[in-house]
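Here's the structure, in structure tokens; my notes come after.
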Amino acid sequence: MPRLPRLPRRPATTEDEQIGFNGAFAAALTRAIGSMPALYAVLVIVAGWMALATWGPLRAADPYPFAFLLFLDNVVQLVLCLVILVGQRVLGGAADKRSVQTYENAEAVFEQIADLQRHLDEHDRALSRGVSLLETSQHPWIEQHRVQRPPQALDHAVSVNGRIAAWLTERLGSMWAFYLAAGTQVAWIGLAALGVQTLDPYPFAFMTFLSTLVQLIFMIVIMVGQGVLGQAGDRRSEQTYLNGEAILHECRRMKARLVAQDRLIEDLSRYTRGELIEDLARALHDAEGQAGNGVVRQAGNWVRGRRRWDQSPEEHKTGARAQARQLGETLAAVGCVMVPAFDPTLTVAFDDSEVLLLAQREHDRWRAEQPGAEHPDLVGWEALPEPAQARKLHVARSIPGLVASVGMQVIRDGRARDGAGEDDFTAAEWEVLQRAMMASGVLVGLAVGGLDSDEMFALIKTLREASVAHPRRFIREAAATSAFDTGLRPGVKYAGYLPFAEKTIREATAIVARTAPAELPDFREFLVEIATVVAEVNQEGGFLGVGAQRRTPKEVAAMDAVRAAARHDG
């Protein structure tokens, strides 16, 4: 089998651009300034300054028209322009990385599609003796995609003006430009206060004018950068659209080819199925002959026992074929399936209880198909003579070998034998189990204030993923049927929710320990996993986001509470 292309482990994000102290500081500054609390703070400060300068103690220092306030506004606006340029550069870099990642992902998908189409070509040749069942062509974009490069923001800075704008954005959109601007402003004020520079004394009219002029230039540069980002975004959108169109086209091609192959496969399947049933029936017949009392095989013939297959009466062959047709259903009773042989190391050996179950089911099936017949073995299993029981047990134990002799293989079906499920619990118990899963995440979310939308989304996403991907049937069913009942009442904080969460988790683990003890370790581990996922959704703490932690001490304490409650099993 060809090795599948490796895709990136995680998507490209803006956080990838926030590397080092400058990147982290820029991100924290952008988050702090780009928020509604920052807007409210600015409005309060400006309104308060104006009021104090009109009627209060600031009137002597900065009366109307508030020259110093105007100067401060210009300084802050200049700094904000630089912050916006930094953010624009970060967004552009992240968008470029996403573009490359999307391009590489599309290439991997196209490569896999091409491999699937080649595989279907082989099926065509095998099924139709070299004649193609469906003549179609590959979507032209797949070939064009290979010779094009992923769209980048710099691709649109092709003119002299564009290159100048790109150069300015690159140089000005950095934290060093921010430090330089802020340092220049502070130094200018300091030198004026010390009397070193007399060109622009308080209220710094020249610096105000200069800041306003620089802001105008920066604003234009920002708008040019937005235009470049917009054009690059349009190109990426166009490529993404064509990628999707090409994939859908190839999927339709594969679907059409599979439909064309259906009739031939059905004909072959009917023939193969008939041959398989015949081979299995013959193998079962031979196994029963080997198990007969005083039976030996001489010169290829059965002596003093069951006749050879080709010498057996037609009614016996019909019964053996019926047994062969029911073999798959019979194997399902012990959690096994019959598949074409693919790995001889995956051998199955039935234990005594499974052999007994298989033999009893086959005996019951045989009795049900003999209405009104007279035969000494047409009695219940318990009344069946010991030699007859031994013969049927021998055949049941030989099934894996018999199946292997006809090119098939018996394997365990994990879905059929995967522990407890919803049916093993009462409705009330099942509700407690589901509530405990929600409580494990909600408790951690409340540890640092309130449960926000990101944390709730992560909690629900974890349950949804577990409902299809968790290896244990018990966890899959519990997660899949969750009603997302948190038991959280309006206004309840962490301290008020903690007793409820601990009690619910303890009750849930006690229920599992009592009803399905084999599932308890996985259930405990899943509760802690939910708490961990919620704890690591948001970065908390730090100053303006700098030094923030994935898990705060409060979240760790909440995780420990979940872990301690989960250890309780009665």
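Every value quoted in this text rests on a predicted model; they were computed, and no experiment measured them.
Distance check, rounded to the nearest 0.5 Å: CD1 of I460 to CD of E455 gives 12.5 Å. Residue S398 holds its OG atom at 9.5 Å from CG of L284, rounded to the nearest 0.5 Å. The distance from atom CG of L327 to atom CE of M408, rounded to the nearest 0.5 Å, is 9.5 Å. Separating the CZ atom in R476 from the CD atom in E422 is a distance of 13.5 Å, to the nearest 0.5 Å. Distance check: L527 CG to T509 OG1 gives 8.0 Å after rounding to the nearest 0.5 Å. In this structure, CG on L446 lies 5.5 Å from CG on L488, to the nearest 0.5 angstrom.
The environment of NZ in K317 is crowded: more than 12 heavy-atom neighbours from other residues, nucleotides or ligands sit within 6.0 Å. In F484, the CZ atom is crowded: over 12 heavy atoms of neighbouring residues, nucleotides or ligands sit closer than 6.0 Å.
Between R397 and D352 there is a salt bridge, since at least one side-chain N of the basic residue sits less than 4.0 Å from a carboxylate O of the acidic one. A salt bridge links R514 to E429: at least one charged side-chain nitrogen sits closer than 4.0 Å to a carboxylate oxygen. Between E278 and R282 there is no salt bridge, since none of the side-chain N atoms of the basic residue sits less than 4.0 Å from a carboxylate O of the acidic one. With respect to R361 and D364, no salt bridge is recorded, no charged nitrogen being found less than 4.0 Å from a carboxylate O.
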Dump the intermediate steps for side chain to side chain contact (heavy atoms under 4.5 Å, CB included) on V528 and S440, then the final yes or no.
CA-CA 7 Å; V528 176; S440 298; over 6 Å; no
For a side chain to side chain contact (heavy atoms under 4.5 Å, CB included) check, start with the C-alpha distance between L463 and I530, then their side-chain angles and the critical distance, and finish with the verdict.
CA-CA 8 Å; L463 292 177; I530 293 173; 4.0 Å; yes
Criterion side chain to side chain contact (heavy atoms under 4.5 Å, CB included) on L358 and E362, from CA distance to verdict
CA-CA 6 Å; L358 291 172; E362 170 51 30; over 6 Å; no
Derivation of the salt bridge (Lys or Arg N to Asp or Glu O under 4.0 Å) call for K461 and D454:
CA-CA 10 Å; K461 181 172 180 287; D454 289 340; over 6 Å; no
Run the side chain to side chain contact (heavy atoms under 4.5 Å, CB included) check on T532 and V444 step by step: do they pass?
CA-CA 8 Å; T532 304; V444 176; over 6 Å; no
So F425 and F474, ring-ring contact (aromatic ring centres under 6.0 Å, His included) or not? Walk me through it.
CA-CA 11 Å; F425 299 85; F474 168 65; 5.6 Å; yes
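The backbone N or O of A420 sits less than 3.5 Å from a side-chain atom of E519, completing a donor-acceptor pair. Side-chain N or O atoms of D424 include one that pairs as donor or acceptor with a backbone N or O of G421 at under 3.5 Å. Looking at R321, its side chain never comes within 3.5 Å of a backbone N or O of A281 through a donor-acceptor pair. Q389 places a side-chain N or O within 3.5 Å of a backbone atom of W381 that can act as its donor or acceptor partner. In this structure a side-chain-to-backbone donor-acceptor pair under 3.5 Å is present from H363 to V379. Formation of a donor-acceptor pair under 3.5 Å by the E250 side chain with backbone atoms of I113 is not found in this model. The backbone N or O of E555 lies less than 3.5 Å from a partner atom in the side chain of T552, making a donor-acceptor pair.
Inter-residue side-chain proximity for F350 and L356 is flagged as unmet; no heavy-atom pair is nearer than 4.5 Å. Inter-residue side-chain proximity for T515 and T426 is flagged as unmet; no heavy-atom pair is nearer than 4.5 Å. Side-chain contact between V537 and F457 is absent, with no heavy-atom pair separated by less than 4.5 Å. Residues L459 and V533 fail the side-chain proximity criterion, which asks for heavy atoms closer than 4.5 Å. Using a 4.5 Å heavy-atom threshold, the side chains of M456 and T486 count as touching. Side-chain contact between V334 and V355: absent, with no pair of heavy atoms (C-beta onward) separated by less than 4.5 Å. A 4.5 Å side-chain heavy-atom check between V492 and F500 finds every atom pair outside the cut-off. Between V403 and I399 the shortest side-chain heavy-atom distance falls below 4.5 Å.
Taking all atoms of both residues into account, the shortest heavy-atom contact from A466 to I475 is CB-CG2, 4.4 Å. Residues A508 and L433 approach most closely at O-CD2, 3.5 Å, considering heavy atoms. Summarising the geometry of P517 relative to P521, their closest heavy-atom pair is O-CD, 3.8 Å, with the distance given to 0.1 Å. For the residue pair L443 and A561, the shortest heavy atom distance occurs at CD2-CB, 4.2 Å. Here the shortest heavy-atom pairing between A565 and R506 reads O-CG, 3.6 Å. When every heavy atom of L393 is checked against every heavy atom of A359, the shortest pair comes out as CD2-CB, 3.7 Å.
The salt bridge (Lys or Arg N to Asp or Glu O under 4.0 Å) pairs that include a residue from residues 483-500 are R435-D485, where partners are two or more places apart or lie in different chains.
Under 3.5 Å, the side chains of T481 and Q434 contain a donor-acceptor pair of N or O atoms.
By the ring pair (Phe, Tyr, Trp, His ring centres under 6.0 Å) test, Y494 is found to be paired with no residue, residues two or more places apart in sequence or in another chain being considered.
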